[in-house]
Amino acid sequence: MAQALRLAERGLYTATPNPRVGCVLVRDGNVVGEGWHERAGEPHAEVHALRAAGAAARGATAYVTLEPCSHHGRTPPCADALVQAGVARVVVALQDPNPQVAGQGIVKLRAVGIAVECGLMEAAARELNIGFFARMTRGMPWVRSKIAASLDGRTALSNGASKWITGEAARQDVQHWRARSCAVLTGISTVLADDPQLNVRNIETSRQPLRVVVDSQLRITPNARLLQPLPSPAGGRGAGGEGRVLIYTATQNTQKIAALEQAGARVTVLPDANGLVDLNAALRDIAARGCNEVLVEAGSALNGALLQAGLVDELVLYLAPQLLGDMAHGMARLGELTSLEQRIELEWQDVCHVGKDLRVVARVKK
């Protein structure tokens, strides 16, 4: 199963919107076939492993990181393929949360006499597909906010200067988080201040994340770098296939919307009661487009709004060994808290050095 999980990781950047899955076939103590799912529409991990094993699959044990599918999607059911190959036993890390499967694959295997065990290395398998589980079980993506800050929690000087607080190694490490994400989300303030592209760079991947801007009043201009074609060969499409940029707004300015869509963006109007973008509805819409993991790279206003709304699942903090003082901008605009009960509590997940900086991963306690 550990080997199957390592194989599944090979689809870390490409399998979305499908889960990352690996499979190892063992017969008489020997590995006779293995495979992983690379991208949607292509064969699943079990099929690759069965093809590699050939006749040796008969009587073998299949170790699979997620329950074999039982329905016809873009590809035929993997449970049927295992039955037809004559596999004797299937060990599954955990049940598929997709309502179209949800235990039916296991039932189908057991119905024909195949022994099925479930739960081996379940935590590791769930972690690998944390966004897929979030989308399937709650209709929301896994939201991960990346913040680069000084040790005293400051992200920019009062005049807006922020390049570069963290070092080159930390900036390169961010590319890994972008590459595994289905979408990168930012706010209009960041677009106007930094004019970013938010694409994956210096990492070999055939897929670019969907880039999403929260822009209540449509202040973005058609000549923003986000809206320019990405250089080849990095010009991929978003996970939901909706084009390279998605803009959420609260205004019905048809003239601006037409200009932005002419520039290649897709504009969606989702106002809340305060005339701002409804962030909850926006994230549900992103999930409906097939996005499992969303990386937020934004300023203190959007970070604060997402945290206050309980929409952030995880923080990835890059902390530089420097102090910028109390006049510099903070990580998240949360307003004044009048009691400790209002605080946002976190749970540490990981702390490590990345070059000269610290990377701290923490999850928001729900």
[X]: which other cluster members, linking ILVMFWY side chains closer than 4.5 Å, directly or transitively?
X: I130; answer: W142
X: L340; answer: none
X: L157; answer: I165, L324

I'd like to check [X] versus [Y] (side-chain heavy atoms, cut-off strictly below 4.5 Å). Are they in contact?
X: V200; Y: P209; value: yes
X: V316; Y: W177; value: yes
X: K108; Y: D80; value: yes
X: V64; Y: M1; value: no

Is the number of heavy atoms from other residues, nucleotides or ligands under 6.0 Å of E347 CD greater than 12? yes
With respect to C182, which candidate in L210, V294, L295, T16 satisfies the side chain to side chain contact (heavy atoms under 4.5 Å, CB included) definition? T16
Separation between [atom1] of [X] and [atom2] of [Y], rounded to the nearest 0.5 Å:
X: I188; Y: I247; atom1: CD1; atom2: CD1; answer: 7.5 Å
X: L94; Y: L128; atom1: CG; atom2: CG; answer: 10.0 Å
X: I344; Y: L346; atom1: CD1; atom2: CG; answer: 7.5 Å
X: D173; Y: R178; atom1: CG; atom2: CZ; answer: 12.0 Å
X: K356; Y: L319; atom1: NZ; atom2: CG; answer: 11.0 Å

Is any side-chain N of the basic residue among [X] and [Y] closer than 4.0 Å to the acidic one's carboxylate O?
X: K146; Y: E297; answer: yes
X: E293; Y: R135; answer: no
X: R138; Y: D313; answer: yes
X: R20; Y: E9; answer: no
X: D326; Y: R154; answer: no

Looking at residues at least two apart in the chain, or sitting in another chain, which of them share a side-chain contact (heavy atoms from CB on, under 4.5 Å) with [X]?
X: V32; value: L25, R27, A53, A56
X: H329; value: T155, A156
X: S216; value: A250, L276, V277

If the condition is side chain to side chain donor-acceptor pair (under 3.5 Å), which residues does [X] pass it with, not counting sequence neighbours?
X: T249; value: none
X: N253; value: none
X: Q349; value: none

Is it the case that the side chain of [X] and the backbone of [Y] share a donor-acceptor pair, with hydrogens and angles ignored and the cut-off at 3.5 Å?
X: S300; Y: R333; value: no
X: Q84; Y: A81; value: no
X: N292; Y: N129; value: no

Flag this pair as yes if the NZ/CZ of R126 is under 6.0 angstrom from the six-membered ring centre of F133 and inside a 45 degree cone about the axis; otherwise no. yes
Test salt bridge (Lys or Arg N to Asp or Glu O under 4.0 Å) applied to R39 - qualifying residues, sequence neighbours left out: E42
Not counting sequence neighbours, which residues clear salt bridge (Lys or Arg N to Asp or Glu O under 4.0 Å) with D278? List them please. none
Any chain of hydrophobic side-chain contacts (each under 4.5 Å) joining V296 to L246? yes
Which pair of heavy atoms, one from R201 and one from L198, lies closest together, and at what distance? NH1-N, 4.4 Å
Show which side-chain atoms of residues 254-261 pair as donor or acceptor with protein atoms under 3.5 Å away, not counting sequence neighbours.
from: K256; atom 1: NZ; to: L218; atom 2: O; distance (Å): 3.2
from: E261; atom 1: OE2; to: V267; atom 2: N; distance (Å): 3.3

May I have the step-by-step check of salt bridge (charged side-chain N to carboxylate O under 4.0 Å, His left out) for D350 and R359, ending in yes or no? CA-CA 8 Å; D350 181 62; R359 186 188 70 197; 3.4 Å; yes
